[in-house]
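Since the structure comes first, as structure tokens, the remarks are kept for the end.
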Amino acid sequence: MALELYGKTVASRLLLGTARYPSPAVLAEAVRRSKTEIVTVSLRRETAGGKAGGAFFQLIRELGVHVLPNTAGCHSAREAVLTAKMAREVFGTTWIKLEVIGHHDTLQPDVFQLVEAAKILVSESFEVFPYTTDDLVVGEKLLAAGCRVLMPWCAPIGSAMGPQNLPALKSMRAEFPDVTLIVDAGIGRPSHATTVMELGYDAVLLNTAVASAGDPAAMAEAFAKAIEAGHIAHGAGMLEPRDMAVPSTPVIGKGVFA
Ligand SMILES: CC(=O)[C@@H](O)[C@H](O)COP(=O)(O)O
């Protein structure tokens with residue numbers, strides 16, 4: 001079944017970041033092979049970098065996918081709101097992936113500033129995708145602010161560590177059964193993506209694991225397949241692990257050779 005995000009429907013459950021690719025051509029090929037329909041773009045990083053600017057944004061527009069601008073690099077609600085407004089002008093979208101970084105080493109979100117920024121942006125008709133921790137109370141506050149999607153981390157951005165707290169991700173899924181939940185950040189391998197999709201997550205957003213792979217386009221395809229596999233497996237109803245062996249071959253009616 002397709003994924004619905006603020007009224008837009010997409011078939012792919014992979015959202016791809018656009019930073020750190022060896023070249024624009026490799027980025028374009030990775031997007032094609034992944035079959036993603038949504039890419040996230042850092043307005044701040046690109047405008048600050050100078051060299052990319054307009055040409056990079058032009059490339060993104062030509063990919064023919066939905067653009068989810070992000071506020072990467074912002075450290076306060078004020079900065080994030082300003083960046084979101086610039087992104088709305090540049091990309092003509094009310095979607096915004098809201099990142100407000102609070103900790104230098106872990107890039108952990110500042111959840112207080114995040115909630116404040118979300119309230120302001122929702123009141124200004126933005127459709128907010130908040131990058132958050134796996135904290136249930138923060139999740140509730142973001143939903144109360146008007147977010148209809150939550151994007152918990154599974155590990156620090158760029159760490160490739162994969163899910164560090166599966167019980168917390170499970171609780172989040174159980175607590176918010178009707179909310180669209182997208183794991184964002186820290187995924188390192190396709191198997192990590194499958195694991196979170198098997199928990200019933202709706203989608204995965206990742207960047208570094210694809211962009212920094214030896215062959216980013218091939219890795220993008222691997223992630224697309226892994227995410228789809230996890231999604232199908234969740235819907236198919238998986239067995240719970242058991243302590244004891246259960247014979248898979250029936251013993252009734254077997255021949256007796258004394
Ligand atoms: C591209 C982007 O938005 C990142 O901030 C995002 O959180 C992805 O994280 P990884 O690079 O760890 O996949």
Side-chain angles (χ1 to χ4, degrees), residues 5 12-22 24 26-27 30-31 34 36-49 52 56-57 59-60 63 65-75 79-80 83-84 87 91 93 95-111 113-114 117 128-134 142 149-165 169 181-197 201 203-213 216 219-220 222-224 226-227 230:
L5 295 165
S12 167
R13 289 170 184 271
L14 167 59
L15 288 73
L16 205 56
T18 54
R20 293 178 172 272
Y21 287 81
V26 173
L27 161 63
V31 168
S34 72
T36 185
E37 291 157 70
I38 302 174
V39 296
T40 183
V41 180
S42 162
L43 193 86
R44 226 166 155 247
R45 191 184 294 129
E46 295 309 329
T47 45
F56 181 76
F57 294 150
L59 167 81
I60 296 294
L63 292 172
V65 293
H66 298 296
V67 178
L68 173 59
N70 67 59
T71 63
C74 293
H75 288 80
E79 213 184 345
T83 306
F91 291 107
T93 176
W95 278 11
I96 191 75
K97 177 162 112 74
L98 183 59
E99 279 188 40
V100 187
I101 299 303
H103 189 261
H104 185 263
D105 291 332
T106 60
L107 300 181
Q108 179 165 343
D110 179 331
V111 294
Q113 294 287 304
L114 180 71
V128 179
F129 296 67
Y131 162 63
T132 183
T133 57
D134 48 25
L142 289 166
V149 174
L150 297 176
M151 303 183 80
W153 68 349
C154 78
I157 293 173
S159 69
M161 288 195 288
Q164 295 298 291
N165 193 347
L169 288 179
L181 296 182
I182 303 175
V183 166
D184 173 11
I187 295 275
R189 305 171 169 223
S191 56
H192 297 157
T194 306
T195 299
V196 298
M197 292 303 288
Y201 272 71
V204 170
L205 187 151
L206 58 96
N207 188 157
T208 311
V210 166
S212 301
M219 188 59 81
F223 268 106
I227 288 166

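Order of appearance sets the numbers: ligands from 1, and atoms from 1 within every ligand.
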Q | Positive for side chain to side chain donor-acceptor pair (under 3.5 Å) with Thr40, one of Asn207, Asp184, Asn70 | A | Asn70
Q: Answer yes or no: does an N/O atom from Gly158 fall short of 3.5 Å to an N/O atom of ligand 1?
A: yes
(Q) Check whether Thr71 reaches the backbone of Glu99 with its side chain - one donor and one acceptor, N or O, closer than 3.5 Å. (A) yes
Q: Please confirm whether Glu99 comes under 4.0 Å of ligand 1, counting heavy atoms of the residue only.
A: yes
Q: Pull out every atom of ligand 1 sitting under 4.0 Å from any heavy atom of Leu206, numbered as shown with elements.
A: 13 (O)
Q) Out of Ala160, Ser42, Ala209, Ala185, who gets a non-hydrogen atom closest to atom 9 (O) of ligand 1? A) Ala185
Q: Taking the side chain as every heavy atom from C-beta outward, state whether Leu5 and Trp95 have any pair of such atoms under 4.5 Å apart.
A: yes
Q: Specify whether Trp153 and Tyr131 have parallel, tilted or perpendicular ring planes, treating 30° as the upper limit for parallel and 60° as the lower limit for perpendicular.
A: perpendicular
Q: Output the list of atoms in ligand 1 that are nearer than 4.0 Å to some heavy atom of Ile157, sorted by atom number.
A: 5 (O), 7 (O), 9 (O), 12 (O)
Q: Decide whether an N or O pair under 3.5 Å exists between Thr40 and ligand 1.
A: no
Q) Mind checking whether Pro109 and Val100 have side chains closer than 4.5 Å, heavy atoms only? A) no
Q | Residue selection (non-hydrogen contact nearest atom 1 (C) of ligand 1) among Thr208, Asn207, Ile187 | A | Asn207
Q.
Within the 4.0 Å heavy-atom shell around Asp184, which atoms of ligand 1 are there?
A. 6 (C), 7 (O), 8 (C)
Q) Would you say the side chain of Leu142 lies within less than 4.5 Å of the side chain of Leu114, judging by non-hydrogen atoms? A) yes
Q. Should Gly186 be listed as contacting ligand 1, given a heavy-atom distance under 4.0 Å as the test?
A. yes
Q) Got a sec, which residues hit side-chain hydrogen bond (donor to acceptor under 3.5 Å, both in side chains) with His103, two or more places apart in sequence or on another chain? A) Thr106
